[in-house]
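Shown next, in structure tokens, is the structure this report addresses.
Throughout, numbering of the chain's residues begins at 1 and tracks the sequence.
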Amino acid sequence: MIFHEQKLSGVYLIEPTPFTDERGTFRRHFCDKEFEAHNIATKVYQSNVSENKYANTLRGFHYQVSPYGEGKTLSCLKGRIYDIIVDLRPESQTYMQWVSFELNEENRHSVHIAPGCANAFLTLEASCLIHYYCSQPYTPSAERGIRYNDPAFGFEWPHEPVVISEKDLKHPEFKKKSS
């Protein structure tokens, strides 16, 4: 695997190095040693699968506050998604900045979202299957969210979301914290 560090500290685009022959393709999706070499927590407390029926379905932005901040490594196994990660760590030099990626079954890329960052994705086609590992268990009391169109960030989506949960639509406007 090749880890491409992004402008947000601790956020990586992970490119697989697949082996292909007449049988098909094999690739490593997780390696304790390689993740640890990039200071990514290797203990997996939870693994989730998100099945999305429709194109333009938005999930997020989601994160957990300290001491339950979670790192996530996310992959799109079927279909295509547009993923945004935003830095919510007040002490970070990139506080409130964001990066985006297209993840799909062809490029086989994954992203690692550092603890203290929020994540959201928009499906770009129907029937998307997303898998992610979490470095902390889901803790409802620590869960927080940001609206996909919060004016504090100026997020740019390739399409207007059509399917969004009521919960994700009702997040309050983000209040900037000083470091």
Gap separating the CZ atom of R89 from the OG atom of S66, nearest 0.5 angstrom
12.5 Å

Got a donor-acceptor contact below 3.5 angstrom from the E70 side chain to the S135 backbone?
no

Could you tell me whether the side chain of R147 and the main chain of H171 form a donor-acceptor pair under 3.5 Å?
yes

Does L74 form a side chain to side chain contact (heavy atoms under 4.5 Å, CB included) with F121? I'd like the steps, not just the answer.
CA-CA 10 Å; L74 182 141; F121 65 82; 4.3 Å; yes

Kindly compute the distance separating OG (S141) from CD (Q64), expressed to the nearest 0.5 Å.
8.0 Å

Heavy-atom pair of closest approach, residues N104 and E106:
OD1-N, 2.9 Å

Any donor-acceptor N or O pair under 3.5 Å, side chains S50, N52:
yes

Do I113 and I84 share a hydrophobic cluster, counting only Ile, Leu, Val, Met, Phe, Trp and Tyr and linking them when any side-chain heavy atoms are less than 4.5 Å apart?
no

For the side chain of H62 and the backbone of A120, is there at least one donor-acceptor N/O pair under 3.5 Å apart?
no

Euclidean distance, N149 CG relative to I164 CD1, rounded to 0.5 Å
7.5 Å

List the residues meeting side-chain contact (heavy atoms from CB on, under 4.5 Å) with H131, not counting sequence neighbours, and say none if there are none.
H29, S47, V49, L77, Y133

Determine, using the 4.5 Å side-chain heavy-atom cutoff (strictly less than), whether Y12 and I2 are members of one ILVMFWY cluster.
no

Indicate if Y63 and V99 have the same hydrophobic cluster label, given that clusters are the connected sets of ILVMFWY residues with side-chain heavy-atom separations under 4.5 angstrom.
no

Show your reasoning for whether side chain to side chain contact (heavy atoms under 4.5 Å, CB included) applies to L88 and I146.
CA-CA 10 Å; L88 298 178; I146 297 171; 3.5 Å; yes

Within the side chain of Q6, is there an N or O that forms a donor-acceptor pair under 3.5 Å with the backbone of H4?
yes

Are the side chain of W157 and the backbone of L122 linked by a donor-acceptor contact shorter than 3.5 Å?
no

Please evaluate residues F101 and H109 with respect to the criterion side chain to side chain contact (heavy atoms under 4.5 Å, CB included), reporting the C-alpha separation (whole Å), side-chain torsions for both, the decisive distance (0.1 Å), and the verdict.
CA-CA 9 Å; F101 309 92; H109 292 169; over 6 Å; no

Quick one: does any side-chain atom of R108 pair with a main-chain N or O of P18 as donor and acceptor, under 3.5 Å?
no

Separation of F19 CZ from R28 CZ (nearest 0.5 Å)
13.5 Å

Where E51 and R59 come nearest, the two heavy atoms and their spacing
O-NH2, 3.4 Å

Neighbour count above 12 (heavy atom, 6.0 Å) for Q93 CD
no

For the residue pair Y82 / S100, report whether a side-chain donor-acceptor contact shorter than 3.5 Å exists.
yes

Hey, what do you get for CZ (R80) to CG (L124), rounding to the nearest 0.5 Å?
4.5 Å

Could you check whether the rings of F30 and F35 sit parallel, tilted or perpendicular, using 30° and 60° as the cut-offs?
tilted

Does any N or O in the side chain of T139 come within less than 3.5 Å of the main-chain N or O of P137, such that one atom is a donor and the other an acceptor?
yes

For residues R144 and V65, report the shortest heavy-atom separation together with the two atoms involved.
CG-CG1, 3.5 Å

Nearest non-hydrogen partners of G79 and E105, listed with the distance
N-OE2, 2.9 Å

Cluster question for you: counting only ILVMFWY and a side-chain heavy-atom cut-off of under 4.5 Å, with indirect links fine, are V111 and I81 together?
yes

Is the backbone N or O of Y54 less than 3.5 Å from a side-chain atom of T123, with the two atoms forming a donor-acceptor pair by type?
yes

Between N119 and I85 (side chain of the first, backbone of the second, donor and acceptor by atom type, cut-off under 3.5 Å), is there such a pair?
no

Steps toward side chain to side chain contact (heavy atoms under 4.5 Å, CB included) verdict (L103, L13)
CA-CA 10 Å; L103 305 177; L13 180 65; 4.2 Å; yes

Would you say the side chain of E143 lies within less than 4.5 Å of the side chain of Y68, judging by non-hydrogen atoms?
no

Nearest heavy-atom pair of M1 and T17: which atoms, and what distance?
N-OG1, 3.5 Å

Sequence neighbours excluded and cut-off under 3.5 Å, please list the side-chain donor-acceptor pairs for residues 36-43, or say none.
residue: H38; atom: ND1; partner: E34; partner atom: O; Å: 2.9
residue: T42; atom: OG1; partner: D32; partner atom: OD1; Å: 2.9

Under 3.5 Å, side chain of N107 to main-chain N/O of E102, donor-acceptor pair present?
yes

Can you get from F61 to I130 by hopping between Ile, Leu, Val, Met, Phe, Trp and Tyr side chains that sit under 4.5 Å apart?
no

Let me confirm one number: the CD-CG distance from E160 to N56, rounded to the nearest 0.5 Å.
9.0 Å

K7, NZ: over 12 other non-hydrogen atoms inside 6.0 angstrom
yes

Kindly give the heavy-atom pair with the smallest separation between Y148 and F155, and that separation in Å.
O-CD1, 3.2 Å

